[in-house]
Amino acid sequence: MGFGAGQRLSPGLAQRSAAEEAARHGQRRRRVRRGEAEPAKLAPGGAVVPGARALAGTAGPGLLALLLAVSAPLRLQAEKLGDGCGHLVTYQDSGTMTSKNYPGTYPNHTVCERTITVPKGKRLILRLGDLDIESQTCASDYLLFTSSSDQYGPYCGSMTVPKELLLNTSEVTVRFESGSHISGRGFLLTYASSDHPDLITCLERASHYLKTEYSKFCPAGCKDVAGDISGNMVDGYRDTSLLCKAAIHAGIIADELGGQISVLQHKGISRYEGILANGVLSRDGSLSDRRFLFTSNGCSRSLSLEPDGQIRASSSWQSVNESGDQVHWSPGQARLQDQGPSWASGDSSNNHKPREWLEIDLGEKKKITGIRTTGSTQSNFNFYVKSFVMNFKNNNSKWKTYKGIVNNEEKVFQGNSNFRDPVQNNFIPPIVARYVRVVPQTWHQRIALKVELIGCQITQGNDSLVWRKTTQSTSVSTEKEDETITRPIPSEDMPTGRRRKEVHMDQQRLRKQTVGSRLNIPLPDISQLSLPSAMIMRRR
């Protein structure tokens with residue numbers, strides 16, 4: 001249920017209480033400035049608490065001055081704007097915001113005030129995923145939205161609260177204030193521009209929807225919101241999983257951007273196997289009636305690395321096994337699908353200076369949408385890379401470092417946490433290059449890597465839109481070719497049946513690529529900048 005555009009809420013009991021509390025607060029400040037006594041108050045249990053003048057009469061002016069000196073900094077601290085704000089991620093046209101400690105109990109005597117905006121000319125959509133404020137009168141604990149012409153709220157307690165607000169403006173100030181309380185989670189809010197009327201919150205699960213196929217818009221900032229997901233991109237996710245967090249895990253959207261997701265629901269399976277992907281840990285899950293999968297545009301195939309000459313490294317290591325034979329940890333052993341030891345760096349120092357690298361030559365410029373990595377894969381060599389950055393280049397060009405879209409800073413990817421289990425990371429937007437380097441930043445004991453690059457050939461169908469690094473404005477920069485990154489779109493000239501068949505073949509192939517007992521998961525590639533959703537591809 002939502003309110004009409006620009007509709008002002010009629011002042012009710014809750015609003016009058018908030019206004020009266022503000023008036024009382026101003027009266028107290030004026031009394032302190034004039035040296036007047038505050039009226040006596042009832043403490044819990046019915047005891048009477050005297051005002052300031054009564055205290056002065058019994059304890060003398062020295063104690064009164066001390067009390068005022070102590071209370072002033074506390075009062076200023078309690079009223080500091082932003083003190084009560086929690087998780088906050090914003091992008092150009094969407095974002096997520098919570099109270100401090102959410103979903104734990106919000107702190108006493110705090111204020112959170114933030115102004116959120118979408119591009120001018122657009123209207124703001126606000127969706128409350130959760131609101132749990134202890135106060136029943138909104139006198140000291142409340143959530144309030146204020147624009148230049150309208151006010152929405154205050155909201156608190158058990159009052160009926162709209163799940164969605166459509167505003168007549170592109171800017172609104174969010175104010176959350178708390179007094180003394182015992183319990184309450186506070187709030188979780190998502191917002192987007194009116195370009196995304198199908199906005200959902202970070203807390204929505206697939207079990208909330210009955211349709212077999214649907215498309216929704218996930219806001220930026222759902223990755224770190226509390227809530228579990230179970231499953232993986234190949235076999236699907238348990239229907240109790242958070243939709244937007246699962247989409248980040250699957251590589252459909254980037255957390256800092258948000259984006260459109262297309263979902264297809266299937267009959268559930270007996271067991272869901274989890275994996276670490278894109279900084280999100282998916283847990284193993286048990287039998288469920290339903291599961292869901294995301295669609296992709298098909299650019300998630302393994303970019304095969306066959307000749308040894310395609311892979312080289314800054315150095316390599318040799319060890320001696322129990323039989324006294326030398327074991328080579330050469331770059332040619334860095335293919336994820338190969339058995340045996342991985343590539344390992346010859347540098348065994350633990351100073352964690354990123355001097356080593358593993359370089360892959362793809363033979364020609366390709367679109368690279370992701371990477372899968374493992375450690376040594378050998379139980380008696382507990383080596384793995386914990387974090388890394390990506391460099392890339394084309395013929396006769398300089399090496400470039402892959403950077404984040406929002407802050408334009410070097411992006412550090414989360415790597416492995418043990419020697420065995422594969423981890424995937426996706427590139428949104430994808431890398432378009434012939435040469436790539438994995439540059440370890442931190443590692444355990446010794447740098448050791450097996451890798452698999454995910455992507456596809458560059459064709460007219462998947463290279464018709466080009467994304468270049470831009471500022472917060474919508475203008476497009478004119479960078480050189482090696483700084484250009486292609487933004488993927490679905491290929492409309494490929495017959496639907498063919499696309500479905502190719503996706504099915506990819507999934508069958510990927511199920512066979514296991515390391516230990518863990519699954520490798522294909523990394524989908526879908527537009528993250530509000531492009532139309534990809535056509536749904538059924539999975540047989």
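Numbers here are sequence positions counted from 1.
A search for salt bridge (charged side-chain N to carboxylate O under 4.0 Å, His left out) contacts involving Asp195 returns Lys122, not counting sequence neighbours. Residues satisfying the ring pair (Phe, Tyr, Trp, His ring centres under 6.0 Å) test with Tyr384, not counting sequence neighbours, are His444. Glu134 meets the salt bridge (charged side-chain N to carboxylate O under 4.0 Å, His left out) test with no other residue; sequence neighbours excluded. Every residue two or more places apart in sequence or in another chain was checked for a salt bridge (charged side-chain N to carboxylate O under 4.0 Å, His left out) with Asp224, and none qualifies. Scored by the salt bridge (charged side-chain N to carboxylate O under 4.0 Å, His left out) test, Arg205 finds no partners at all (sequence neighbours excluded).
The minimum heavy-atom distance linking His208 with Leu203 is given by the pair CE1-O, 3.9 Å.
Atom CG of Asp289 sits in a sparse spot, with 12 or fewer heavy atoms from other residues, nucleotides or ligands closer than 6.0 Å. Other residues, nucleotides and ligands place more than 12 heavy atoms under 6.0 Å from the CG atom of Leu287.
Under 4.0 Å is where a charged nitrogen must lie from a carboxylate oxygen, and between Glu409 and Lys411 no such pair does. The pair Arg127-Glu164 meets the salt-bridge criterion, since a charged nitrogen lies less than 4.0 angstrom from a carboxylate oxygen.
Considering only heavy atoms from C-beta on, Pro107 comes within 4.5 Å of Asn101 through its side chain.
The disulfide bond (SG atoms under 2.5 Å apart) pairs that include a residue from residues 229-260 are Cys218-Cys244, where partners are two or more places apart or lie in different chains.
Using modelled atom types, one finds a donor on one side chain and an acceptor on the other under 3.5 Å when comparing Tyr272 with Ser288. Between the side chains of Thr442 and Ser387, at least one donor N or O lies within less than 3.5 Å of an accepting N or O.
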